[in-house]
Amino acid sequence: MVEPTYRKVGVLGGTFDPIHLGHVHLALDAMKEMSLDKVLFIPARIQPFKQDKKTASGRDRLAMVEAAIAGIKGLESSSLELDAEGVSYTYLTIRRLRERFGEECRMYFITGTDAFLKIEKWRNAEELLRSCGYLVGTRPGYRQRELEECISRVKTRYGTEVRNLHNSRFDISSTEVRARLEGGGDCSDLIPESVERYIRANGLYRE
């Protein structure tokens, strides 16, 4: 069923193993800078580039996303990729979202610099790059020349709308979060308190 009431929707995909403050602030910055109606957090069932990596269950990762964004206007979770079979290819996700929101809705895929620099190697890259816009979060000076060249090439070759976000730069990785949790360390500066409570209550990321 098409939802025709939204003009601009952001899509933030990933493993979210676990979701951290960098993810949340990237979504909020994108929503503010681009006047998005909402941002969907979509945990991957199986990420194409991490098929050999063991992760927390889809149920747990979705629950952590829901805990992280609870009560924040405009941020929503979606089980779209978790409910689908097989590898979570982004072009298929955008197709399904297009059916949901309709052709009039402008969709923006929100990502970081490292992922965007590899975007032309993603499955069905041409369809993907022509099907939505891209909002790229960065940090000062990080691979800036490479990023500018990639953005210029993608715009010229595919007619893609790409914006370099002026985002709050939280240099956080889920790998760092897991390592600290495994060592019994405090993660209050990396993940929302609600997520840390869920992790400890469910015994996640222990040795």
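Bear in mind that the values here come from a model prediction, so they are computed numbers and not experimental data.
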Point to revise | Results of side chain to side chain donor-acceptor pair (under 3.5 Å) for Y91 - residues two or more places apart only | key: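 Expected list: none.
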Practice item. Check the pair E99, R96 against salt bridge (Lys or Arg N to Asp or Glu O under 4.0 Å), reporting the backbone distance first and the verdict last. Key: CA-CA 5 Å; E99 292 172 1; R96 294 178 185 123; over 6 Å; no
Charged N to carboxylate O below 4.0 Å: is that the case for [X] and [Y]?
X	Y	result
E76	K38	yes
R180	D189	yes
K155	E161	no
R143	D114	yes
E182	R178	no

Check your understanding: Are E126 and R157 close enough, and set up right, to give a salt bridge (Lys or Arg N to Asp or Glu O under 4.0 Å), and what steps lead you there?
Key -> CA-CA 9 Å; E126 181 169 356; R157 186 174 296 174; over 6 Å; no
Point to revise | Intermediate values then yes/no, side-chain contact (heavy atoms from CB on, under 4.5 Å), V136 and T113 | key: CA-CA 6 Å; V136 185; T113 297; 4.2 Å; yes
Check your understanding: Is the count of non-hydrogen atoms from other residues, nucleotides or ligands lying under 6.0 Å from E193 atom CD greater than 12?
Key -> no
**Study point:** Side-chain donor or acceptor of S79 paired with backbone N/O of L82 under 3.5 Å
**Key:** no
Point to revise | Interatomic distance, S77 atom OG to L62 atom CG [nearest 0.5 angstrom] | key: 5.0 Å
Exercise for review: Starting at CG of L21, measure out to CD1 of I191 and round the result to the nearest 0.5 Å.
Suggested key: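 Answer rounded to 0.5 Å: 8.0 Å.
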**Study point:** All salt bridge (Lys or Arg N to Asp or Glu O under 4.0 Å) counterparts of E66, not counting sequence neighbours
**Key:**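 Checked E66 against salt bridge (Lys or Arg N to Asp or Glu O under 4.0 Å); zero matches.
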Check your understanding: Do R106's NZ or CZ and the ring of Y108 fall within the cation-pi criteria of under 6.0 Å and 45°?
Key -> yes
Review point. Is NZ or CZ of R123 both nearer than 6.0 Å to the six-membered ring centre of Y89 and within 45° of the ring axis?
Key: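 Verdict for Y89: a cation-pi partner in R123.
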Review point. Between F16 and H23, does the ring centre distance come in under 6.0 Å?
Key: yes
